Amino acid sequence: MSDDPRILTVRPAPDEYAWTFGGAPPRARIAPGTVLDLYTEDCFAGRVRSEKDLVSEVCTFPFLNPQTGPFHVEGAEPGDTLAVHFVSIEPARDWAASTTVPLFGTLTSTRTTATLQPPLPETVWIWQLDRERRTALFSARESDIRVELPMDPMHGTVGVAPANLEVRSALVPDAHGGNMDTPEMRAGVTCFLGVNVEGGLISLGDGHARQGEGETCGVAVECAMNTVVIVELLKGIATPWPRIESDTHIVSTGSARPLEDAFRISQLDLVQWLVRDYGFSELDAYQFLTQAVESPLANVCDTNYTCVAKLRKDWLPAHETHRGMHSQLRETAAMLRR
């Protein structure tokens, strides 16, 4: 990894976003270790700007969740892993939007959970962001309630091209990553994604100023982001499902329907991670995880649901994982901030 990594700045024009993982030509070819200074648009492509802007009127399905990218990482091949370290994630505007969307969300009829119940009405909430004080202001639509919540910026969507020639909508999470919508994807973490095609073809978008676990109504506090990431390559290391490492936790994800299958995938992946990198046998890992794991929900609204399984690093044996890449990237990030 270079002591002075190359920085590529990308500010896409409105017609330069990708809407899928796979099927889109690379925006640029980058060497491992490149720093990407990116602008990402919100999931509505910036079209929901006031309480009068209903998604059904200003957006055209399936053109939601625009992605910045994809980027072809030189030398990346199937069987390798891309490490994406989030140096910073900062809202690009002083407002964000959230909505209800007909036939979408957890507490409503949907197209896959079909009932005679009519869709919920479309309602838009505009959240005011105080970027200095790091707060997001909730203003109720049907009362005078106003509550400030702390900002916790994250990316709902990060992923690579899927395997087997598939092209997946940017609304879908799966083994390639995609629209996982986990609040774990915040600044300071490293996301590990298994490479399925030459170059990996990594994209990201769908910034959230904050989001509760589960993303219950289906829409977070959606905002454009200025995001800096470092992209590295781990040759010869396979990552079957997206993994995240922070300074305090290792995190596995699983995306599927029904919800219990997403839960099982994330838990199994964490068991296999303990076996591969921490010296556990499979049954010992199963027992240890059962007593120590945290299992927050990421989303229970998307085309696939996403569950998270996470373990505290200070409860684990002192073993290196992913060749110590997270620690190395933290050091590079610290140098960038000087």
Side-chain angles (χ1 to χ4, degrees), residues 8 10 12 17-22 24 26-28 30 34-43 64-73 76 80-90 152-162 168-197 199-209 211 215 220 222-234 239-246 251-255 266 298-299 302-304 306 308 322 325-326 329 333:
L8 176 63
V10 178
Y17 291 99
W19 304 93
T20 61
F21 288 92
R27 180 179 180 85
I30 62 172
T34 297
V35 177
L36 297 177
D37 179 358
L38 306 176
Y39 175 85
T40 67
E41 190 47 273
D42 67 37
C43 69
L64 297 165
N65 265 10
Q67 300 298 298
T68 299
F71 299 96
H72 177 114
V73 182
D80 298 337
T81 289
L82 293 182
V84 184
H85 182 73
F86 288 86
V87 178
S88 61
I89 306 173
E90 294 295 330
D152 187 9
M154 53 164 280
H155 271 280
T157 306
V158 56
V160 294
R168 305 299 295 272
S169 163
L171 297 171
V172 178
D174 210 314
H176 68 283
N179 194 30
M180 296 177 285
D181 285 320
T182 172
E184 305 290 339
M185 205 71 72
R186 55 173 63 91
V189 309
T190 304
C191 177
F192 299 96
L193 296 160
V195 175
N196 301 303
V197 303
L201 299 180
I202 184 166
S203 303
L204 67 152
D206 190 26
H208 299 170
Q211 179 210 300
E215 199 180 20
E222 310 281 347
C223 66
M225 290 291 182
N226 291 314
T227 293
V228 177
V229 299
I230 310 168
V231 180
E232 263 293 359
L233 174 62
L234 289 162
T239 301
W241 285 87
R243 294 174 175 175
I244 301 167
E245 184 177 355
S246 71
V251 182
S252 288
T253 69
S255 298
S266 64
N299 92 79
D302 291 336
T303 47
N304 284 328
T306 303
V308 162
H322 294 105
M325 183 58 70
H326 173 71
L329 292 173

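From a predicted model like this one, the values you see are computed outputs, not experimental measurements. FYI, the numbering just counts along the sequence from 1.
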Colleague: How long is the straight-line distance from OG of Ser252 back to CD1 of Ile244, given to the nearest 0.5 Å?
Modeller: 9.0 Å

Colleague: Taking Glu41 for its side chain and Tyr39 for its backbone only, find out whether a donor-acceptor pair lies under 3.5 Å.
Modeller: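 No; judged by distance alone, with no hydrogens or angles, the pair does not exist.
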
Colleague: How long is the gap from CG on Leu171 to CG on Asp181, to the nearest 0.5 Å?
Modeller: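 Taking CG in Leu171 and CG in Asp181, the distance rounds to 9.5 Å.
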
Colleague: Distance check, rounded to the nearest 0.5 Å: Thr253 atom OG1 versus Glu184 atom CD?
Modeller: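 The CD atom of Glu184 is 10.5 Å from OG1 of Thr253, to the nearest 0.5 Å.
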
Colleague: Under a 4.5 Å cut-off applied to non-hydrogen side-chain atoms, are Leu201 and Pro26 in contact?
Modeller: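 Yes, close enough: below the 4.5 Å cut-off.
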
Colleague: Dump the intermediate steps for side-chain contact (heavy atoms from CB on, under 4.5 Å) on Leu36 and Ile30, then the final yes or no.
Modeller: CA-CA 9 Å; Leu36 297 177; Ile30 62 172; 4.2 Å; yes

Colleague: Find the distance between CG (Asn179) and CD (Glu215) and round it off to the nearest 0.5 Å.
Modeller: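 The CD atom of Glu215 is 7.0 Å from CG of Asn179, to the nearest 0.5 Å.
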
Colleague: Starting at CD1 of Ile202, measure out to CZ of Phe71 and round the result to the nearest 0.5 Å.
Modeller: 9.0 Å

Colleague: Does a donor on one side chain sit under 3.5 Å from an acceptor on the other, for Glu222 and His208?
Modeller: yes

Colleague: Could you tell me whether the side chain of Leu233 reaches within less than 4.5 Å of the side chain of Asp80, counting heavy atoms only?
Modeller: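 Result yes, sub-4.5 Å side-chain heavy-atom pair found.
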
Colleague: For the CE atom of Met185 and the CE atom of Met180, what is their distance to the nearest 0.5 Å?
Modeller: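 If I round to the nearest 0.5 Å, the distance is 3.5 Å.
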
Colleague: Could you check if a side-chain atom of Trp241 sits within less than 4.5 angstrom of a side-chain atom of Ser266, using non-hydrogen atoms only?
Modeller: no

Colleague: For the residue pair Met154 and Thr182, what are the closest heavy atoms and their distance?
Modeller: CE-O, 3.3 Å

Colleague: Are Leu204 and Thr157 side-chain neighbours, meaning at least one heavy-atom pair lies under 4.5 Å?
Modeller: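 A side-chain contact is absent here, since even the closest heavy-atom pair is not under 4.5 Å.
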
Colleague: Hey, does Asn196 have a side-chain heavy atom less than 4.5 Å from the side chain of Val160?
Modeller: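 Yes; the side chains approach each other to less than 4.5 Å.
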
Colleague: Name the one of Asp174, Thr306, Asn304 that satisfies side-chain hydrogen bond (donor to acceptor under 3.5 Å, both in side chains) with Ser255?
Modeller: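 The side-chain hydrogen bond (donor to acceptor under 3.5 Å, both in side chains) with Ser255 is passed solely by Thr306 among Asp174, Thr306, Asn304.
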
Colleague: Within the 4.5 Å heavy-atom criterion, are Asp206 and His155 side-chain neighbours or not?
Modeller: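 A side-chain contact under 4.5 Å is absent here.
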
Colleague: Tell me the closest heavy-atom pair linking Met225 and Gly207, and the distance in Å.
Modeller: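 So the two residues come closest at CG-CA, 3.7 Å.
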
Colleague: If we ignore angles and hydrogens, is there a donor and acceptor under 3.5 Å between the side chains of Thr81 and His322?
Modeller: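 His322 and Thr81 do not have a side-chain donor-acceptor pair below 3.5 Å.
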
Colleague: Find out whether Tyr17 and Thr68 are in side-chain contact, i.e. whether some heavy atom of one side chain is under 4.5 Å from a heavy atom of the other.
Modeller: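 Answer yes - side chains close enough.
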
